[in-house]
Amino acid sequence: MSALKNDLLLKALRGETVSRTPVWMMRQAGRYLPDYIKLRDKYSFFERCENPELATEITVMPVDQVGVDAAIIFSDILVVPQAMGMEVQLVEKIGPLLPQPVKGAHDLQRLCVPDVHERLHYVFDALKLTKQTLAGRVPLIGFAGAPWTLLCYMVQGKGSKTFDEAKAFCYQQPAVAHQLLQMITDTTIAYLKAQVAAGADTVQVFDSWGGLLSPVDFETFSLQYIRQIVTAMKDVCPTIVFAKGAWFALEDMAATGAHGLGIDWCIKPELARQFAGSNITLQGNFDPAKLLAPIPEIEKSVKEMLKGFGRQRYIANLGHGILPNVPVDHAKAFVETVKAHG
């Protein structure tokens with residue numbers, strides 16, 4: 001295994017002094033890159049995910065083409081429900097579809113906590129090959145969806161702005177909901193540990209729909225399970241928790257022992273730091289849509305963001321995934337402005 005030539009991301013997560021701010025972008029491996037679109041037109045989503053050579057090629061693209069300080073493995077959060085026994089379809093330009101969603105206790109009988117090495121070996125193969133291909137240029141990030149976010153898709157059966165059916169399920173059948181959340185949590189812990197064994201230097205837990213919950217419900221249906229994951233990974237690798245819209249829980253999320261917290265663009269950097277405290281690294285929080293602004297405006301806004309967060313215990317990133325219609329030179333301008341900032 002090659003020694004890391006650029007370990008800025010890991011230093012920032014450990015709270016060590018960095019020579020400059022590290023930068024990467026959520027969803028950087030994919031949809032806005034012309035070379036990715038060529039592969040998308042040729043192979044289905046799961047063909048891209050399940051072929052280690054293709055997944056590696058896509059993962060390394062933004063390192064080569066945009067100059068980010070980390071690679072994040074090309075995969076999807078919904079490989080976990082799939083491994084647990086659910087059918088998952090990913091329809092281009094429409095989104096995920098789970099044709100047989102969980103409606104009650106009887107549906108849990110067709111799900112299991114799988115042997116991740118048996119069901120998700122293709123992710124680990126892709127991590128190993130990517131690690132080899134990167135040859136120590138930048139760290140490699142593994143990831144998984146948070147249990148609450150996965151429950152949303154497993155119960156709703158598709159994407160939603162409100163996930164009202166998923167919330168109703170939790171309120172009407174709380175015992176079944178908690179049983180499902182625990183099954184997802186157990187699977188996720190095994191999955192993330194195996195990702196690290198395969199080469200991931202750090203892992204991120206994505207709670208994309210955490211902000212749909214009230215503070216009390218966030219603790220009940222999301223954070224207590226994220227806490228289990230962070231605790232299980234404590235001695236394995238640094239962890240980053242990103243719960244979009246859940247700014248109200250930054251203090252509680254910081255108390256989990258995570259090394260980093262992802263921040264969306266709806267909170268000021270100074271306020272995020274006040275809530276999270278000084279002993280954790282913050283990551284974010286550029287509005288992805290602002291990458292559609294003229295380049296001089298992007299550069300100006302990035303500098304303001306960097307000033308707001310300060311250099312130490314900070315990783316520059318977007319406040320959510322990059323949009324498919326962002327021009328590559330705009331993504332590059334974001335990265336290069338961070339790198340040039342003194």
Side-chain angles (χ1 to χ4, degrees), residues 24-68 70-100 116-135 137-145 150 153 157-159 191 194-195 198-200 204 206 208 288-289 291-292 318 320-335:
W24 68 283
M25 295 178 289
M26 289 183 278
R27 278 194 166 159
Q28 66 187 15
R31 52 206 195 153
Y32 68 108
L33 291 168
D35 286 345
Y36 171 79
I37 292 162
K38 286 177 197 165
L39 292 175
R40 184 195 69 193
D41 293 343
K42 198 172 173 186
Y43 303 98
S44 73
F45 184 83
F46 281 114
E47 280 177 319
R48 279 170 268 145
C49 274
E50 292 172 10
N51 180 313
E53 286 78 16
L54 286 175
T56 296
E57 185 181 343
I58 294 164
T59 300
V60 176
M61 267 180 202
V63 179
D64 292 335
Q65 297 179 17
V66 187
V68 286
I72 182 165
I73 195 67
F74 177 73
S75 186
D76 194 88
I77 63 171
L78 294 179
V79 299
V80 165
Q82 193 180 49
M84 291 174 68
M86 288 197 85
E87 182 188 349
V88 178
Q89 300 169 12
L90 277 162
V91 186
E92 291 297 344
K93 297 182 182 173
I94 294 173
L97 184 66
L98 292 79
Q100 293 181 291
V116 293
H117 294 282
E118 186 186 309
R119 299 280 182 93
L120 293 162
H121 59 88
Y122 58 88
V123 179
F124 313 136
D125 291 343
L127 281 158
K128 286 172 191 165
L129 186 57
T130 302
K131 191 77 174 172
Q132 221 176 337
T133 306
L134 285 169
R137 287 162 62 197
V138 293
L140 179 56
I141 304 168
F143 72 91
L150 294 184
Y153 289 106
K158 58 186 176 184
Y191 178 45
Q195 286 190 43
Q204 178 158 311
F206 285 86
S208 306
L291 292 178
L292 298 168
L318 307 178
H320 201 220
I322 192 167
L323 300 167
N325 52 336
V326 168
V328 177
D329 59 337
H330 287 219
K332 269 186 178 169
F334 171 79
V335 171

Picking from Phe206, Trp24, Tyr191, what satisfies ring-ring contact (aromatic ring centres under 6.0 Å, His included) with Phe143?
Phe206
Quick one: are [X] and [Y] in side-chain contact, heavy atoms under 4.5 Å?
{"X": "Val138", "Y": "Val68", "answer": "no"}
{"X": "Leu292", "Y": "Pro327", "answer": "yes"}
{"X": "Val88", "Y": "Tyr153", "answer": "no"}
{"X": "Thr56", "Y": "Gln132", "answer": "no"}
{"X": "Arg137", "Y": "Asp64", "answer": "yes"}

Check [X] against [Y] and note the closest heavy-atom contact, atom names and distance.
{"X": "Leu150", "Y": "Gly145", "result": "CD1-O, 3.9 Å"}
{"X": "Ala144", "Y": "Ile77", "result": "C-CG2, 4.0 Å"}
{"X": "Arg27", "Y": "Ile322", "result": "O-CG2, 3.1 Å"}
{"X": "Leu134", "Y": "Ala71", "result": "CD1-CB, 3.9 Å"}
{"X": "Gly142", "Y": "Ala200", "result": "N-CB, 3.8 Å"}
{"X": "Pro288", "Y": "Val326", "result": "O-CG2, 4.2 Å"}

Non-neighbouring partners of His121 that pass ring pair (Phe, Tyr, Trp, His ring centres under 6.0 Å), sequence neighbours left out:
none
Got a sec, which residues hit salt bridge (charged side-chain N to carboxylate O under 4.0 Å, His left out) with [X], two or more places apart in sequence or on another chain?
{"X": "Arg48", "answer": "Glu92"}
{"X": "Asp35", "answer": "Lys38"}
{"X": "Arg119", "answer": "none"}

Would you check, one step at a time, whether the test side-chain contact (heavy atoms from CB on, under 4.5 Å) holds for Val66 with Leu33?
CA-CA 10 Å; Val66 187; Leu33 291 168; 4.2 Å; yes
Run the side-chain contact (heavy atoms from CB on, under 4.5 Å) test on Leu291 and Leu318 for me, step by step, so that the C-alpha distance in whole Å, both residues' side-chain angles and the decisive distance to 0.1 Å come before the verdict.
CA-CA 9 Å; Leu291 292 178; Leu318 307 178; 3.9 Å; yes
For His117 and Phe124, take the angle between the two ring planes, folded into 0 to 90°, and tell me which bin it lands in: parallel under 30, tilted 30 to 60, perpendicular over 60.
tilted
Summary of ring pair (Phe, Tyr, Trp, His ring centres under 6.0 Å) pairs that have at least one residue in residues 28-61, sequence neighbours excluded
Tyr36-Phe74, Phe45-Phe74
When rounded to the nearest 0.5 angstrom, what is the spacing between [atom1] in [X] and [atom2] in [Y]?
{"X": "Lys42", "Y": "Leu54", "atom1": "NZ", "atom2": "CG", "result": "8.5 Å"}
{"X": "Thr130", "Y": "Glu57", "atom1": "OG1", "atom2": "CD", "result": "10.5 Å"}
{"X": "Gln89", "Y": "Ser44", "atom1": "CD", "atom2": "OG", "result": "11.5 Å"}
{"X": "Leu140", "Y": "Gln195", "atom1": "CG", "atom2": "CD", "result": "9.0 Å"}
{"X": "Leu127", "Y": "Ile141", "atom1": "CG", "atom2": "CD1", "result": "11.5 Å"}
{"X": "Ile58", "Y": "Gln28", "atom1": "CD1", "atom2": "CD", "result": "13.0 Å"}

side-chain hydrogen bond (donor to acceptor under 3.5 Å, both in side chains) partners for Thr59, two or more places apart:
none
